[in-house]
A.B. asks: 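Questions regarding the structure given below will be posed in turn.
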Amino acid sequence: MKRLLLAIAVIFAVACSKTTSNQTNEVAIIPQPLSLSKHNNAFVVLPSTTIVCDVEEFAPIVKYSQEYMKVGVATKVPKNNYISISLDKLLAEEEYHLAVSNDSVQIVAGGYGGAFNGVQTLFQLLPSEVYTKQMRLPAVVKGCNVKDRPKFAYRGFLLDVARTFMTKENVLRYIDYIAYHKINKLHWHLTDNQGWRIEIKSHPNLAKVGGFRGGDSPINAALGKWDEKYGGYYTQEEISEVVEYAKVRNIEIIPEIDLPGHSGALAAIYPEVLCKKADGTPRNTGIVVCATKESNYLLLEEILAEVCALFPSKHFHIGGDEVNMSQWKSCPDCSAWLKKNGYTDGHKLEDMFIGRIQTILAKYGKTPSVWNEAAFGGGLSKEAWVHGWKSPKVCKQVMAEGYPTIFMPQQFFYFDMRQSEHENGAIWGGCFDIRKVYSFDFAKEGFTPEEVAQVKGFEAAAWSEVFLSQGGDKSIDFIEYQTFPRLCALAELAWGKNGSGEWQEFHNRLYKSHYDRMADMGLNFRITPPNVKYENGLLSIEKIDNSAVYYRMEGSDKRLSYRGAIRTSQPGRYLFWAEYRGAKSPEVAHSSQYKTIKPKVTLTSSIPDQPKHGYHRVADYYMSMRTSRTYKEGDWFLFEFEEPVECRSIEFVTGSHAVPSRLITKGYLEVSHDGKTFHHVAELNYGRAKLLNPKPIKAARIVATSDDVPGSQLRICSPIIYPKW
């Protein structure tokens, strides 16, 4: 009778389970387990199902699992209808075995990490709505046996909250997102030039004042929100809450206080940390801590001692990247130190500084982590972790120095970079999507097995310079879009890439099963856009997955469903995108959509240019030119065309193309159709103004209506002009 009832329950559960166009009965796990065998048995989670666990250490995991599956807890193993989590010390810490039968699901783990990993695999065997914490019961656990462990002990994600502040609640959300993918390290970038995000009780103004920029803050407005005071910080109580939340989810948080460069926020509160000027007078602006002031080390020890007490991790990231040596070389005290010790290279000062900070951290039981620039001086402990970000070649050099290396070359793992040429995002580190992330291969990059053995693991980074400008207070949506599903590929790499290693096999698992999971997680993830084809006057798209495809006509917001090939002589006017349960792809179009024209043009300004990056380059349509000073109210830039330009759109850009910096924050665009009389046509938005279907333009002028923030350097770009159809 029990078997009959169970069979009925299975049939009922399958019928009641939420279904979508993507869901299948396949067992599709991300990251792919080391060993997975499927079978026809299945376990059904019922309202009467219980979790059994007698390992006290695993109690937080039991409570965590209950939140998602809404089942009870038993102290003894029943005859059937249970999920057990047990310990086997013969397994490695993060290793687990999972077995599904008609009567039970059994997870056996080598430690806390293994038990948590096993639970995450269990979630992926359930209907995707488990991630909503409102899964309907009964629910089927797909039949399989799994033996699994990660290849790399370090599977990390860097979250930059210094450039764009993220609330505590959103940080907790992100911890959940990465935990679902078996990421076990959160590298928390808490300070930079733009903000100080952690409360220091012995120096409260660091966060209370340095946690904000703009308005009456001594930190200038940057990267958006120039008209208001903006920011925030985490109290020590909030930090402890985040650390504990992450610990339950098998995530170790490694804090970063970026030194000695990237210290603009620290210097804004305590300008005395800066070097002296060449004449010996105090410097009042800068981003590099003076390496020879003994008072700096006393201040930094007070700060670091408090931070060390908040984070249980043995590792503490102290930066060491992109240090502006010119501030040290112009400092009388730093120059004297170099001369006294027989050095001319400013990097010797950084070696000394890192050594001093390393000694401070050792007093509090911490080992430093650094960026790759700080690894070549010889003074860094070989226990230190080095984060190799510049390139695979630099990672190889770090390994040659004998350091455990966290592998995160920007060309593969900086997820703030745009994912295709016509999407938003940073551009300085390249342009790549999930397929390139997944394609990373040590052998193809020239690494030997011995070198790979020195790799501690992988890390992706979400630097946040571009995030604020992509959604304001809703910039979290853009962070998610940039991160997922690229992080799925990173998770697969760091786990060991145990599948076939073929892109198509991974992508099938992704869109057939994991799209639904990410949707139920609440993620604003990116889906792969369709391919656009144009042959014999017919415009068509090739679908990549099971998502729905829509299109619109250029200049219109009207949403149309794609039903089949479109006959047209102007294929570039159609913009297509894919959608799946709220997630979207970027818009894509025929190549003619992106064709630009480059009419003869000159650029003059009330601001002198820099000779190496002069205004003459406008004629060659260089991406940007540079001014020799900041701008003031009334400053202008005049573009004059040899002949009136006819176009369907034209855009004028100040600042960097991708990062909202070095731009005119307040200003307007005026145009002239005869080269003499000008008409105001648009206010600048993030330093830009775009005109659609304008009358022929003979000249255009950008005018600043406010002063720039002190110390900035302005960039001005060549116009972007799209021809008429």
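Start at 1 with the first residue, then count along the sequence. Source: prediction; values computed, not measured.
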A.B. asks: Check this for me, if you would: do Asp620 and Arg617 make a salt bridge, where the nitrogen-to-carboxylate-oxygen distance has to be below 4.0 angstrom?
C.D. replies: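 No salt bridge links Asp620 with Arg617.
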A.B. asks: In a table with atom names and distances, give each donor-acceptor pair under 3.5 Å that connects a side chain of residues 593-604 to protein atoms at least two apart or in another chain.
C.D. replies:
residue, atom, partner, partner atom, Å
Gln593, NE2, Glu554, OE2, 3.4
Gln593, NE2, Gly572, O, 2.4
Tyr594, OH, Ala589, N, 3.1

A.B. asks: For Trp226, is the NZ or CZ atom of Lys666 found under 6.0 angstrom from the centre of its six-membered ring and inside 45 degrees of the ring axis?
C.D. replies: no
A.B. asks: How long is the straight-line distance from OG of Ser391 back to CZ of Phe412, given to the nearest 0.5 Å?
C.D. replies: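 Between Phe412 CZ and Ser391 OG, I get 10.0 Å after rounding to 0.5 Å.
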A.B. asks: Excluding sequence neighbours, so at least two apart, what forms side-chain contact (heavy atoms from CB on, under 4.5 Å) with Pro271?
C.D. replies: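 So Pro271 forms no side-chain contact (heavy atoms from CB on, under 4.5 Å) with any residue.
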A.B. asks: When you measure from the side chain of Ser313 to the backbone N and O of His315, does any donor-acceptor pair fall under 3.5 Å?
C.D. replies: yes
A.B. asks: Indicate the ring-plane relationship of His514 and His181, choosing parallel, tilted or perpendicular according to the 30° and 60° boundaries.
C.D. replies: perpendicular
A.B. asks: Tell me if a side-chain donor or acceptor on Ser649 pairs with a main-chain N or O of Cys647 at a distance below 3.5 Å.
C.D. replies: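 Side chain of Ser649 to backbone of Cys647, a donor-acceptor pair under 3.5 Å: no, none is there.
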A.B. asks: State yes or no: are the ring centers of Trp188 and Tyr234 separated by less than 6.0 Å?
C.D. replies: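 Close enough - the centres of the two rings lie under 6.0 Å apart.
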A.B. asks: Would you say the ring centroid of Tyr230 lies under 6.0 angstrom from that of Phe212?
C.D. replies: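 Between Phe212 and Tyr230, which both carry aromatic rings, the centre distance is not below 6.0 Å.
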A.B. asks: Would you say Thr405's side chain and Phe407's backbone share a donor-acceptor pair under 3.5 angstrom?
C.D. replies: no
A.B. asks: Using the six-membered ring of Phe157, assess whether NZ or CZ of Lys185 lies under 6.0 Å from its centre and within 45 degrees of the ring axis.
C.D. replies: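 No, a cation-pi geometry is absent between Lys185 and Phe157.
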A.B. asks: Measuring from Ile721:CD1 to Ile650:CD1, what's the distance to the nearest 0.5 Å?
C.D. replies: 4.0 Å
A.B. asks: Can you measure from OG (Ser369) to NE2 (His387) and round to the nearest 0.5 angstrom?
C.D. replies: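 It is 4.0 Å, given to the nearest 0.5 Å.
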A.B. asks: Just by distance, with hydrogens left out, do Arg283 and Ser330 show a side-chain donor and acceptor under 3.5 Å apart?
C.D. replies: yes
A.B. asks: Taking all atoms of both residues into account, what is the closest heavy-atom pair of Trp389 and Glu373, and its distance?
C.D. replies: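 In terms of heavy atoms, the two residues are closest at NE1-OE1, 2.9 Å.
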A.B. asks: CD1/Ile287 to CG/Leu274 distance, rounded to the nearest 0.5 angstrom?
C.D. replies: 10.0 Å
A.B. asks: Any side-chain to backbone donor/acceptor pair from Glu683 onto Tyr668? Under 3.5 Å, distance only.
C.D. replies: no
A.B. asks: Any sub-3.5 Å donor-acceptor pair from Ser624's side-chain atoms to Arg715's backbone N or O?
C.D. replies: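 No, the answer is negative, given that no donor and acceptor are paired below the 3.5 Å cut-off.
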A.B. asks: For Gln194 and Arg163, which I'm curious about, is there any donor-acceptor pair between the side chains at under 3.5 Å?
C.D. replies: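 Checked: Gln194/Arg163 side chains pair up, N/O donor to acceptor below 3.5 Å.
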A.B. asks: Supply the atom-to-atom distance Arg701 CZ to Ser606 OG, rounded to the nearest 0.5 angstrom.
C.D. replies: 10.5 Å
A.B. asks: Run the side-chain donor-acceptor check on residues 255-268: report pairs under 3.5 Å with partners two or more places apart or on a different chain.
C.D. replies:
residue, atom, partner, partner atom, Å
Glu256, OE1, His187, NE2, 2.8
Glu256, OE1, His189, ND1, 2.8
Glu256, OE2, Trp371, NE1, 2.9
His262, ND1, Asp192, OD1, 2.8
His262, ND1, Asp192, OD2, 3.4
His262, NE2, Asp321, OD2, 3.3
His262, NE2, Glu322, OE1, 2.8
Ser263, OG, Asp258, O, 3.4
Ser263, OG, Pro260, O, 3.1
Ser263, OG, Gly261, O, 3.0

A.B. asks: Is a side-chain N or O of Trp328 found less than 3.5 angstrom from the main chain of Val289, in a donor-acceptor match?
C.D. replies: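 Yes; at least one donor-acceptor contact below 3.5 Å.
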A.B. asks: So, do Phe442 and Phe440 have ring centers that fall under 6.0 Å from each other?
C.D. replies: yes
A.B. asks: Using modelled atom types only, decide if a donor and an acceptor are shared between the side chain of Tyr403 and the backbone of Leu380 within a distance under 3.5 Å.
C.D. replies: yes
A.B. asks: Could you give the side-chain donor-acceptor pairs of residues 476-486 under 3.5 Å, partners two or more places apart or in another chain?
C.D. replies:
residue, atom, partner, partner atom, Å
Glu480, OE1, Asn524, N, 2.8
Glu480, OE2, Arg173, NH2, 2.6
Tyr481, OH, Glu423, OE1, 2.6
Gln482, OE1, Gln419, NE2, 3.3
Gln482, NE2, Phe415, O, 3.4
Gln482, NE2, Asp416, O, 3.2
Gln482, NE2, Met417, O, 3.2
Thr483, OG1, Tyr174, OH, 3.0
Thr483, OG1, Ile479, O, 2.8
Arg486, NE, Gln482, O, 3.0
Arg486, NH1, Met417, O, 3.3
Arg486, NH1, Phe432, O, 2.8
Arg486, NH2, Phe415, O, 2.6
Arg486, NH2, Met417, O, 3.0
Arg486, NH2, Gln482, O, 3.0

A.B. asks: Taking side-chain hydrogen bond (donor to acceptor under 3.5 Å, both in side chains) as the definition, give me every residue that meets it alongside Lys396, ordered by chain and number, with sequence neighbours left out.
C.D. replies: Glu451
A.B. asks: Identify the heavy atoms of Arg629 and Pro608 that sit nearest to each other, and give their distance.
C.D. replies: NE-CD, 4.2 Å
A.B. asks: Please report the closest heavy-atom contact between Glu350 and Gly320, naming both atoms and the distance.
C.D. replies: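 So the minimum-distance heavy-atom pair works out to OE2-O, 2.6 Å.
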A.B. asks: Just verifying a value: how many Å separate Leu669 CG and Lys690 NZ, rounded to the nearest 0.5 Å?
C.D. replies: 13.5 Å
A.B. asks: Compare every heavy atom of Gly379 with every heavy atom of Gln358, then report the nearest pair and how far apart it is.
C.D. replies: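 It is NE2-O, 3.5 Å.
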A.B. asks: Just by modelled atom types, is the Gly211 backbone N or O under 3.5 Å from a matching donor or acceptor in the Arg197 side chain?
C.D. replies: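 Flag set: sc Arg197 to bb Gly211 pair under 3.5 Å.
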A.B. asks: Going by the rule ring-ring contact (aromatic ring centres under 6.0 Å, His included), which residues pair with Tyr438 if we only count those two or more places apart in sequence or in a different chain?
C.D. replies: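 Scan of Tyr438 (ring-ring contact (aromatic ring centres under 6.0 Å, His included), adjacent residues dropped) gives Phe506.
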A.B. asks: If every non-hydrogen atom of Gly210 is compared with every non-hydrogen atom of Ile269, which pair is closest and at what distance?
C.D. replies: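 For Gly210 and Ile269, the tightest heavy-atom pair comes out as N-CD1, 3.7 Å.
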A.B. asks: Is the distance from the ring center of Trp385 to that of Tyr154 below 6.0 Å?
C.D. replies: yes
A.B. asks: Taking atom NZ as the centre, does Lys393 end up with more than 12 heavy-atom neighbours from other residues, nucleotides or ligands that are less than 6.0 angstrom away?
C.D. replies: no
A.B. asks: I need the minimum non-hydrogen distance between Asn220 and Arg213, along with the two atoms involved.
C.D. replies: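 So the two residues come closest at O-CB, 3.6 Å.
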